[in-house]
Structure formats: C-alpha cells, structure tokens
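Remarks on the structure that follows.
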Amino acid sequence: MHAPIAEKKIKSRNYDAVAGIYETLANLYSFGLIRRAKQAELAYLKTGDRVLYLGAGSGEDAVAAARAGARVTAIDLSARMIERLRRRMARKGLTAELIAGDALALDSEPLFDAVCGNYFFNVFGPDDMPVVLAKAATYVRPGGHLMIADMAPPSGPLGPLAWLYLKFGLSFFWLLGLASQHPIYDYRPHVERLGFRQVAFHDHRLLGIGPALYRTLVFAKPEASA
C-alpha cells in the first residue's frame with residue numbers, strides 16, 4: 001500500500017466543521033494533558049531548526065515552536081484548520097510555511113530537523129498507521145528527530161481505567177467521523193523497526209499521579225554513514 005492511499009481514506013472526514021472547537025474539546029477532555037504532551041517536544045528543538053508538523057490542525061504546537069525560533073512548516077487536510085493557524089501566527093507576529101493538503105504527498109527534499117506527528121497517527125487504522133509512520137520517517141534528516149505526542153498504551157494496575165478513558169475519547173471522535181477505531185498504539189516498536197533510536201519519553205498523568213494517559217516520544221534517525 002502506498003502512503004497516499006492511506007491519506008485518501010480520511011479525506012472525507014469533515015475536519016473543517018470542527019476547526020473552531022477541535023483543539024478546545026481535546027484540551028478540556030484531557031484536562032490540559034494533550035497540550036502538555038505537545039509542549040514537551042519544545043525541549044528538543046533548537047533555534048533555527050526546520051520543523052514539520054503533520055496533521056497540524058489549528059496548530060498550538062506549531063505556534064509555540066515558531067515562537068521559540070524554529071522554522072515551522074505545518075500541513076493539514078483541512079483548509080479551515082490551516083486558515084485558523086494562519087490567523088494565529090499573524091496575531092503573534094510569527095511566520096511559517098502553512099499548507100492545506102496531503103501530509104503524505106510532500107516532496108522528500110529538503111529534509112527536516114524534526115518531524116512531529118501529534119495525535120496524527122491515531123487517525124489511521126492499524127493497517128494504515130505503520131505505512132503513514134514509515135512515510136513520515138522519510139521526511140527526517142539523518143541525525144534529526146521524529147517526535148510523537150499521543151495516547152499512552154495503558155499499563156499497570158489502573159491500566160483498565162486508563163483504557164476506558166482513552167477509548168471513550170477515541171470513540172467520541174469516531175462517532176463524529178474524525179478518527180478510526182483501533183487499539184491504543186505503542187509506537188516504539190514501529191519506529192525502531194524503521195531504524196530510529198528512542199532518546200526520550202515523557203508520560204503525562206492527571207495531577208501527576210495514576211496511570212499515564214498521554215505520552216511524548218522522541219526518536220533520533222541515524223546519522224548518514226560516511
């Protein structure tokens with residue numbers, strides 16, 4: 001399967017209709033943990049880094065990266081999401097390359113210092129997700145980072161409660177026609193099979209206690225061989 005085929009499966013989903021509330025709903029439901037998971041990536045960005053945000057939505061993470069001095073490219077299928085992000089950038093006096101289009105059909109050059117897929121890969125079903133992940137990895141320069149903020153695979157004694165909470169949220173967006181039903185993904189083995197090395201992860205818990213609900217993962221692509 002080619003990656004663009006996977007992307008076509010979500011083009012009928014009406015993200016434009018929820019552009020004004022999508023980010024707010026996510027942060028209310030997660031008590032701010034979704035935002036915190038995205039913000040954790042900023043520690044791995046340097047001023048001047050070229051950073052790509054896949055499925056950027058209205059882009060609070062892209063705005064934060066641009067404010068920190070990164071050179072941001074953000075892409076989303078929803079033209080309305082991208083327009084909201086354009087206005088946010090303008091209000092803050094920031095600039096970025098903003099693209100309303102297929103995140104899986106970008107040119108492979110130039111490569112990026114960091115590629116961020118935040119709550120993006122979970123849009124895809126289990127057959128398509130590894131294909132999309134592999135395509136995203138091709139956008140990372142040797143020595144660069146692939147970063148993922150997403151739901152944490154439930155574990156530990158309270159794992160079943162975490163699973164119920166996460167599946168409720170996933171099912172809600174599925175009922176809105178905005179996501180696929182699938183297991184809570186553990187991205188680590190998939191990314192490591194692509195040759196990346198995990199360099200950090202951060203778990204995010206409600207009030208800092210209980211099971212991890214969301215996770216930030218940072219992977220490094222091997223340097224090019226001499």
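Positions are given from 1, in the same order as the sequence printed here.
- With rounding to the nearest 0.5 Å, the separation of CZ in Arg205 from CG in Leu207 is 12.5 Å.
- Using a 4.5 Å cut-off between side-chain heavy atoms of Ile, Leu, Val, Met, Phe, Trp and Tyr, with links allowed through other members, Ile99 and Phe112 fall into the same hydrophobic cluster.
- The heavy-atom pair separating Gly55 from Ala103 by the smallest distance is N-CB, 4.5 Å.
- Distance CG/Asp61 to CG/Leu42: 8.5 Å, rounded to 0.5 Å.
- In this structure, Val199 and Ala220 approach most closely via the heavy-atom pair CG1-CB, 3.8 Å.
- Clustering ILVMFWY residues whenever any of their side-chain heavy atoms sit less than 4.5 angstrom apart, transitively, puts Leu85 in a cluster other than the one holding Leu106.
- Ion pairing between a basic and an acidic side chain is recognised when a charged N comes within 4.0 Å of a carboxylate O; Glu83 and Arg80 show no such pairing.
- In this structure, Ser30 and Tyr165 have side chains that are in contact, with non-hydrogen atoms separated by less than 4.5 Å.
- Ile34 is not connected to Val123 by any chain of hydrophobic side-chain contacts under 4.5 Å among Ile, Leu, Val, Met, Phe, Trp and Tyr, and they are in different clusters.
- The CG atom of Leu98 sits 5.0 Å away from the CZ atom of Arg86 when rounded to the nearest 0.5 Å.
- Contact check for Tyr139 versus Leu54: side-chain heavy atoms found under the 4.5 Å cut-off.
- Between the side chain of Thr138 and the backbone N or O of Lys135 there is at least one donor-acceptor pair closer than 3.5 Å.
- Between Leu213 atom CG and His204 atom NE2 the span is 10.5 Å, to the nearest 0.5 Å.
- Using a 30° and 60° split on the angle between ring planes, Phe124 and Phe120 fall in the perpendicular class, above 60°.
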Mind listing the side-chain donor-acceptor pairs of residues 62-77 below 3.5 Å, one per line with the distance, residues two or more places apart or on another chain?
from  : atom 1 : to    : atom 2 : distance (Å)
Arg71 : NE     : Gly48 : O      : 2.8
Arg71 : NH2    : Gly48 : O      : 3.0
Thr73 : OG1    : Glu97 : OE1    : 2.9
Asp76 : OD1    : Ser78 : N      : 2.8
Asp76 : OD2    : Ala56 : N      : 3.3
Asp76 : OD2    : Gly57 : N      : 2.8

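- Taking 4.5 Å as the limit, some side-chain heavy atom of Asn27 sits within range of a side-chain heavy atom of Glu60.
- Side chains of Val191 and Gln198 form no contact here, defined as non-hydrogen atoms less than 4.5 Å apart.
- Annotation: side-chain hydrogen bond (donor to acceptor under 3.5 Å, both in side chains) contacts involving residues 44-57, sequence neighbours excluded, comprise Tyr44-His202.
- Closest of all the heavy-atom pairs between Tyr29 and Gly169 is OH-N, 3.2 Å.
- Connection of Val132 to Leu170 is not established within any shared hydrophobic cluster, with ILVMFWY side chains joined at heavy-atom distances below 4.5 Å, either directly or through further cluster members.
- Evaluation of the salt bridge (charged side-chain N to carboxylate O under 4.0 Å, His left out) test over residues 212-222, restricted to residues two or more places apart or in two chains, returns Asp203-Arg215.
- Between atom CZ of residue Arg188 and atom CG of residue Leu217 there is a gap of 6.0 Å, rounded to the nearest 0.5 Å.
- Scanning all heavy atoms of the two residues, the minimum distance from Ser58 to Arg88 falls at O-NH1, 2.8 Å.
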Run the side-chain donor-acceptor check on residues 154-161: report pairs under 3.5 Å with partners two or more places apart or on a different chain.
none

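- Remark: Arg84 is not positioned above the aromatic ring of Tyr22, lacking an NZ or CZ atom under 6.0 angstrom from the ring centre and at most 45 degrees off the axis.
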Give the C-alpha distance, both sets of side-chain angles, the deciding distance and a yes or no for side chain to side chain contact (heavy atoms under 4.5 Å, CB included) between Glu41 and Val51.
-> CA-CA 11 Å; Glu41 296 171 344; Val51 185; over 6 Å; no

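- Contact check for Arg36 versus Thr216: no side-chain heavy atoms found under the 4.5 Å cut-off.
- In this structure Ala100 satisfies the side-chain contact (heavy atoms from CB on, under 4.5 Å) test together with Ala79, Ile82, sequence neighbours excluded.
- Counting heavy atoms from C-beta on, the side chains of His190 and Tyr185 never come closer than 4.5 Å.
- Note on Val115 and Val218: separate hydrophobic clusters, where clusters join Ile, Leu, Val, Met, Phe, Trp and Tyr whose side-chain heavy atoms are under 4.5 Å apart, directly or indirectly.
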N/O donor-acceptor pairs under 3.5 Å from side chains in residues 140-150, not counting sequence neighbours:
from   : atom 1 : to     : atom 2 : distance (Å)
Arg141 : NE     : Asp113 : OD1    : 2.5
Asp150 : OD1    : Asn122 : ND2    : 2.7
Asp150 : OD2    : Asn122 : ND2    : 3.4
Asp150 : OD2    : Tyr187 : OH     : 2.8

